[in-house]
Number of protein chains: 2
Amino acid sequence: MDDTLIDIGEVARRSGLAASALRFYERKGLIQAEGRNGLRRAYRPQTLERLDLISCARDAGFTLSEIAELLRARPSDTELRARLAGKEREVAERVDQLTRLRDSLRHAAVCEHDPLVECPEFKHAVRRVPVTRS
Amino acid sequence: MDDTLIDIGEVARRSGLAASALRFYERKGLIQAEGRNGLRRAYRPQTLERLDLISCARDAGFTLSEIAELLRARPSDTELRARLAGKEREVAERVDQLTRLRDSLRHAAVCEHDPLVECPEFKHAVRRVPVTRS
DNA sequence: CCTTGACTTGAACCGCACTTCAAGTCAAGG
DNA sequence: CCTTGACTTGAAGTGCGGTTCAAGTCAAGG
């Protein structure tokens, strides 16, 4: 257990997040400082891992409240787990969609259609998702 | 060529987007009405396809200005194509990340760690991306 | 002791993507 | 002709995810 605490400035530097963002996350309950160094927030090293998870989930389209919920998740909370299962389906669908979009963008690099978006191969990206309305 | 125009209300219904959003997209130059039915905007059926592309790209993390740019893209615009190639790399990275996150969420459904986020298998999602800073 | 510089706070502000509002207009139906 | 209801406009408002600001505080170094 490495319990050397890290000042907010260094956490900011190492996580790539602004210090203001870290304070914002603290207000939202996503992270917490273990102590203070004078006035300065000091964080446990594990906080860096947690920040990676937060960034990852945020990039995946989770809102900060959803992330807070995810961080609190315990195996006994079946209702929450059901929502996570829903999230999984959502993410899976996004993976499919993004994969198609990536392929379209890849094709755009060599395509000669004018304009590019009229290319039938490009349009493959936007195939309607079967039935995920409401 | 089916050139029957469609009223904004029906486009909204069929695309799943609010009419206010369609007007907003028009102001941003993403779509345009082909004519009017009285005051009512009337769109060509192809607009529905375009709206699917817009929704897809928006979900993929493109801003509306980036989408406008994408819609205007022509094969001769090499600078823009270079940016699209950059976007492709970005999307590819997101696909990887989302795939890991999806697997973690899938695992969360059966995992007994308390709290769930402490599960080593779950943490696999947040593996640091090699070197894509700056 | 005094400066420096990185932090502290709450509150205000920002950009994005829309939505909502108030007041007005039009086409169709009775 | 009058109502109804879906549209029109520009302007203001909303929610999210932060950033920026002003005024203050602390620890370390000279």
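In the text below, chain A, chain B and the rest are named by the order of the sequence lines, each starting its count at 1.
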Return a single string for nucleotides 13-19 of chain C, one symbol per nucleotide in 5' to 3' order, where B is base contact, S is sugar-phosphate-only contact and - is none, cutoff 4.0 angstrom on heavy atoms. ----BBB
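- With salt bridges taken as basic N to acidic carboxylate O contacts below 4.0 Å, one links Glu10(B) and Arg13(B).
- The side chain to side chain contact (heavy atoms under 4.5 Å, CB included) check on Glu49(A) picks up Lys123(B), with sequence neighbours excluded.
- Looking at heavy-atom distances under 4.0 Å, Arg23(B) makes contact with a base.
- Annotation: salt bridge (charged side-chain N to carboxylate O under 4.0 Å, His left out) contacts of Arg50(A) (sequence neighbours excluded): none.
- Residues that satisfy the salt bridge (charged side-chain N to carboxylate O under 4.0 Å, His left out) test with Asp103(B), not counting sequence neighbours, are absent from this structure.
- When the side chain to side chain contact (heavy atoms under 4.5 Å, CB included) test is applied to Glu66(A), the partners found at least two apart in sequence or on another chain are Phe62(A), Thr63(A), Lys87(A).
- Checked against salt bridge (charged side-chain N to carboxylate O under 4.0 Å, His left out), Glu79(B) has the following partners two or more places apart in sequence or in another chain: Arg83(B).
- Helical stems in DNA chain D, defined as runs of 3 or more consecutive Watson-Crick or G-U wobble pairs with donor-acceptor distances under 3.5 Å: C:1-30 with D:1-30.
- Read 5' to 3', the first and last nucleotides of DNA chain D with an atom closer than 4.0 Å to a heavy atom of chain B are dC7(D) to dT9(D).
- Arg74(B) is linked by a salt bridge (charged side-chain N to carboxylate O under 4.0 Å, His left out) to Asp114(A), counting only residues two or more places apart in sequence or in another chain.
- Judged as a side chain to side chain contact (heavy atoms under 4.5 Å, CB included), and not counting sequence neighbours, the contacts of Asp96(A) are Arg100(A).
- Annotation: side chain to side chain donor-acceptor pair (under 3.5 Å) contacts of Arg106(B) (sequence neighbours excluded): Glu88(A).
- Among residues two or more places apart in sequence or in another chain, the side chain to side chain contact (heavy atoms under 4.5 Å, CB included) test is passed with Thr47(A) by Ile31(A), Tyr43(A), Arg44(A), Leu51(A).
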